[in-house]
Protein chains: 2
Amino acid sequence: MGRKSRKSDVDYKAAARQWAEENEDARNPTMKDVARLARVSKKTVSRVINDSPLVNEATRKGIQGLIRDIGYRPDPQARGLASRQSFLVGMISDNPTPQYVVNIQLGILDVLRNTPYELVVHPCDRKSDTFLEDARKFIEVQKLYGVILTPSVSEDERLAEILRELGCAYIRIASIALDMESRMIVTNDRVGSQQAARHLAKLGHTRIALIAGRRSFRSATERRAGFEEGLAEFGITIPPEYIFQGDYTFESGLALGSQILDLDPPPTAVFASNDEMAAGVLQALHVAGQTPPDSLSVVGFDDFETATRVWPRLTTARTPARRIGKLAAERLFEFYDDDKEQGENETTPRLIERDSTRRPRRSP
Amino acid sequence: MGRKSRKSDVDYKAAARQWAEENEDARNPTMKDVARLARVSKKTVSRVINDSPLVNEATRKGIQGLIRDIGYRPDPQARGLASRQSFLVGMISDNPTPQYVVNIQLGILDVLRNTPYELVVHPCDRKSDTFLEDARKFIEVQKLYGVILTPSVSEDERLAEILRELGCAYIRIASIALDMESRMIVTNDRVGSQQAARHLAKLGHTRIALIAGRRSFRSATERRAGFEEGLAEFGITIPPEYIFQGDYTFESGLALGSQILDLDPPPTAVFASNDEMAAGVLQALHVAGQTPPDSLSVVGFDDFETATRVWPRLTTARTPARRIGKLAAERLFEFYDDDKEQGENETTPRLIERDSTRRPRRSP
DNA sequence: CTGAAAGCGCTTACAG
DNA sequence: CTGAAAGCGCTTACAG
């Protein structure tokens with residue numbers, strides 16, 4: 001007596017004990033149970049789990065403790081139905097490299113862990129007639145909280161437009177900025193291939209071939225441009241007949257690798273726009289009975305597992321895929337937060353020098 | 001007139017036109033709308049979308065057409081909330097090989113495409129203290145329709161027990177049968193390494209080393225046992241000092257590969273229990289200046305991308321991962337169906353002969 | 001800072 | 001074969 005507050009009269013620990021006693025069939029508690037035990041309305045419990053500032057601090061602490069004690073976990077489906085937004089984050093991808101896809105997933109999951117959000121994966125085929133329709137349906141029906149887009153679907157303006165139209169938060173991962181800053185993770189691929197070019201130039205290579213990536217990927221343009229820029233710093237240009245069109249697959253690297261061997265005069269180095277194609281070139285050399293990098297230095301891009309499995313191990317520009325996924329997810333959760341300080345939204349490739357590059361042999 | 005049926009009086013095409021006219025704000029239709037337009041109760045619409053047999057055929061056809069015409073898509077969250085079961089399939093995995101994980105995912109998604117179900121990925125760490133607790137929470141809170149478990153979590157009996165307790169359908173992918181047939185996809189790894197052993201024996205190898213897989217994986221035991229069985233058919237046994245304990249990583253293969261080179265007398269062939277370790281052995285040989293398979297034949301297991309990236313390309317027993325994922329998902333959907341004929345529930349490895357194996361050199 | 005009422009879009013349980 | 005009522009577990013919109 002004497003104290004005016006009625007709220008502090010609620011003994012939350014006793015409430016938790018009461019629950020333990022009365023709940024014989026070990027039913028999971030609902031918001032209704034929490035409200036009853038804490039002697040508040042469901043709305044107040046709702047405010048607590050949604051971090052609303054409009055709750056008395058003592059009440060908040062008490063309810064949070066009670067929630068912990070009785071093991072209450074809000075039902076994401078019910079919250080989703082009522083708020084018209086699910087607790088699902090979608091990852092829409094069309095990347096041909098499994099190592100990339102898994103690492104992006106792991107990065108996203110690093111952020112989702114210990115949140116109520118789950119990751120729903122959605123590979124797609126951008127060339128399909130129903131690609132946009134399917135994507136819209138997925139986003140709309142699942143009422144996704146947000147979507148993370150990897151190259152090359154991230155580069156599709158029509159898909160971004162659909163996301164905006166549906167009011168769905170999204171983050172685009174791409175080699176260059178294609179959208180407002182808060183919607184992008186930029187990987188600056190150009191920088192990586194510039195480094196690759198400088199590395200080869202400094203080793204003394206001047207007759208250099210290039211295998212471009214798949215046309216439908218913006219990174220293909222960026223990686224090629226960066227490489228040519230890097231060489232230009234040393235006054236080196238690549239003649240058109242030393243430029244080949246790959247598609248980012250091992251098989252294309254293998255096929256183009258043997259074409260490169262037939263060039264006359266042959267180049268002393270080749271830049272393949274990703275590790276898979278670089279691995280293909282190495283294999284073409286082995287098939288031809290050569291021992292790289294003796295007659296031909298090879299540089300890749302990505303530094304995924306393949307880079308260290310092949311022999312010689314690849315000199316390559318690293319794409320920090322897991323970190324990229326992590327940044328994308330962090331950025332996604334900042335999207336609705338105006339005041340939250342924005343974190344990093346770009347990564348820079350770093351050249352990893354290994355055994356697939358060396359100085360060119362003196363011409364005989 | 002003269003016809004008694006009242007249902008056939010409903011003009012579903014006209015109803016669809018009516019919707020197009022009245023729905024000026026382009027709202028997505030709900031079950032309530034469908035019911036009103038078709039002049040039936042929501043319950044009847046519900047029966048149609050859930051394929052209940054208790055619906056008049058003409059009514060069913062009409063409603064199905066109407067649903068198509070106006071683009072009605074049932075809300076999975078609402079269905080989930082009411083039925084206490086979501087439309088999410090979980091994939092719980094702890095496999096260290098990205099190529100495996102992605103291919104299983106793709107196989108599952110092959111089956112989920114054009115269904116209302118979505119795939120939620122959930123990598124985990126079986127050694128974590130909270131592993132079981134976390135898994136239970138995930139399954140319970142998301143009210144998963146079902147779960148697909150890959151090795152080695154698939155081999156955890158405590159997790160399977162939790163799934164049964166929660167009444168959640170699950171499929172375990174494992175190298176041997178660990179559960180009732182309707183809950184298993186068996187990959188018969190033992191058969192693959194038997195083939196590998198016979199292949200080496202037939203080439204004339206007799207002094208053979210083995211690198212076992214990670215102890216916590218049942219496949220490690222199976223692959224080893226199969227290999228020893230296969231050799232036994234030819235009267236060959238592996239001395240203990242020719243048996244090494246790996247952990248399924250490239251790094252372990254690399255480290256053990258150089259140990260194998262130091263054996264005296266050295267073996268003429270080695271079986272690594274997966275491709276990653278086999279790739280490590282090949283690299284150890286290259287580092288030592290050797291040119292496999294001249295002095296040492298190497299056999300792997302899995303035939304994931306790595307197998308064809310390395311040089312020489314690996315002779316290996318194929319694990320059809322995408323197909324395994326597909327079978328697991330198909331089996332999951334058969335789980336609640338008593339009458340549905342059960343599909344295949346096992347796969348068999350097949351040895352793919354490539355360049356990493358040859359006849360042993362004559363001893364000098 | 002708090003709550004009572006209505007509703008999100010379905011299914012369950014029951015009745016006929 | 002069909003439907004009216006109640007309810008799943010939350011949030012919204014409003015009032016105080």
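Being a predicted model, the structure only gives us computed values, none of them experimental. Throughout, protein chains are lettered first and strands after them, A, B, ... in sequence-line order, and every chain is numbered starting at 1.
Checking C:dG3, D:dT2, C:dG9 against the side-chain heavy atoms of B:L54 singles out D:dT2 as nearest. Side chain of A:T30, nearest nucleotide from C:dC10, D:dG9, D:dT12: D:dG9. For A:T59, the listed nucleotide lying nearest its side chain is C:dT2; candidates were C:dT2, D:dC10, C:dC10. Side-chain proximity of A:L81 to D:dG9, C:dT11, D:dA13: nearest is D:dG9. For B:D75, the listed nucleotide lying nearest its side chain is C:dG9; candidates were D:dG3, C:dG9, C:dT12. With D:dC1, C:dG3, C:dT11 as the candidates, the nucleotide lying closest to the side chain of A:S41 is C:dG3. Here the side chain of A:A78 is nearest to one of C:dA4, C:dC10, D:dG9, namely D:dG9. Here the nucleotide nearest the side chain of A:R84, chosen from D:dT11, D:dT12, C:dT2, is D:dT12. Listed nucleotides: D:dC10, C:dC10, C:dC14. Nearest to the side chain of A:R79: D:dC10. Here the nucleotide nearest the side chain of B:K42, chosen from C:dT11, D:dC8, D:dT2, is C:dT11.
Only one option out of A:K143, A:E140, A:E161 pairs with A:L166 in a side chain to side chain contact (heavy atoms under 4.5 Å, CB included); it is A:E140.
With salt bridges taken as basic N to acidic carboxylate O contacts below 4.0 Å, none links B:E133 and B:K137. For B:D33 and B:R36, the salt-bridge test passes: some basic side-chain N is under 4.0 Å from an acidic carboxylate O. Taking a cutoff of 4.0 Å between a charged side-chain nitrogen and a carboxylate oxygen, A:R158 and A:E165 do not qualify as a salt bridge.
Atom CD of B:E181 is surrounded by 12 or fewer heavy atoms from other residues, nucleotides or ligands within 6.0 Å.
Within the nucleic acid shown, A:P74 comes within 4.0 Å of sugar-phosphate atoms alone, with no base atom in reach, counting heavy atoms only. Contact annotation for A:F87: no contact, since no heavy-atom pair falls under 4.0 Å across all strands. Using a 4.0 Å heavy-atom distance criterion, B:P53 is classed as a sugar-phosphate-only contact.
Taking for each of B:A82 and B:V55 the nucleotide of DNA chain D with the nearest heavy atom, the 5'-most of the two is the partner of B:V55.
What separates CZ of B:R36 from C1' of D:dA4 is a distance of 18 Å, to the nearest Å. In this structure, the CG atom of A:N56 is 15 Å from the C1' atom of C:dG3, given to the nearest Å. Protein atom NZ of B:K43 is 13 Å distant from nucleotide atom C1' of D:dA5, rounded to whole Å. Atom NZ of A:K32 is separated from atom P of C:dA4 by 13 Å (rounded to the nearest Å). The distance between atom CE of B:M31 and atom P of C:dC8, rounded to the nearest whole Å, is 14 Å. As rounded to whole Å, 18 Å separates atom C1' of D:dG7 from atom CD of B:Q85. Per the geometry, CD1 belonging to A:I63 stands 15 Å off C1' belonging to D:dC10, to the nearest Å. Atom CG of B:N50 is separated from atom C1' of D:dT2 by 15 Å (rounded to the nearest Å).
Taking side-chain N and O atoms only, B:S46 has no distance below 4.0 Å to OP1 or OP2 of C:dC10.
Nearest heavy atoms, B:P76 versus A:Q77: O-OE1, 4.0 Å.
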Worked check of side chain to side chain contact (heavy atoms under 4.5 Å, CB included) between B:L332 and B:I108: CA-CA 10 Å; B:L332 186 65; B:I108 296 172; over 6 Å; no

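Comparing the P positions of C:dC1 and D:dA13 gives an interatomic distance of 22 Å, to the nearest angstrom.
Between the CG atom in A:L327 and the CG atom in A:N345 there is a gap of 8.5 Å [rounded to 0.5 Å].
At a cut-off of 3.5 angstrom, the base of C:dG3 holds at least one donor-acceptor pair with the side chain of A:R47.
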DNA chain C in dot-bracket form (Watson-Crick or G-U pairs under 3.5 Å, [ ] crossing, | inter-strand) is |||.||||||||.|||

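Between B:Y117 and B:F87, the ring-plane angle classifies as tilted under the 30° and 60° cut-offs.
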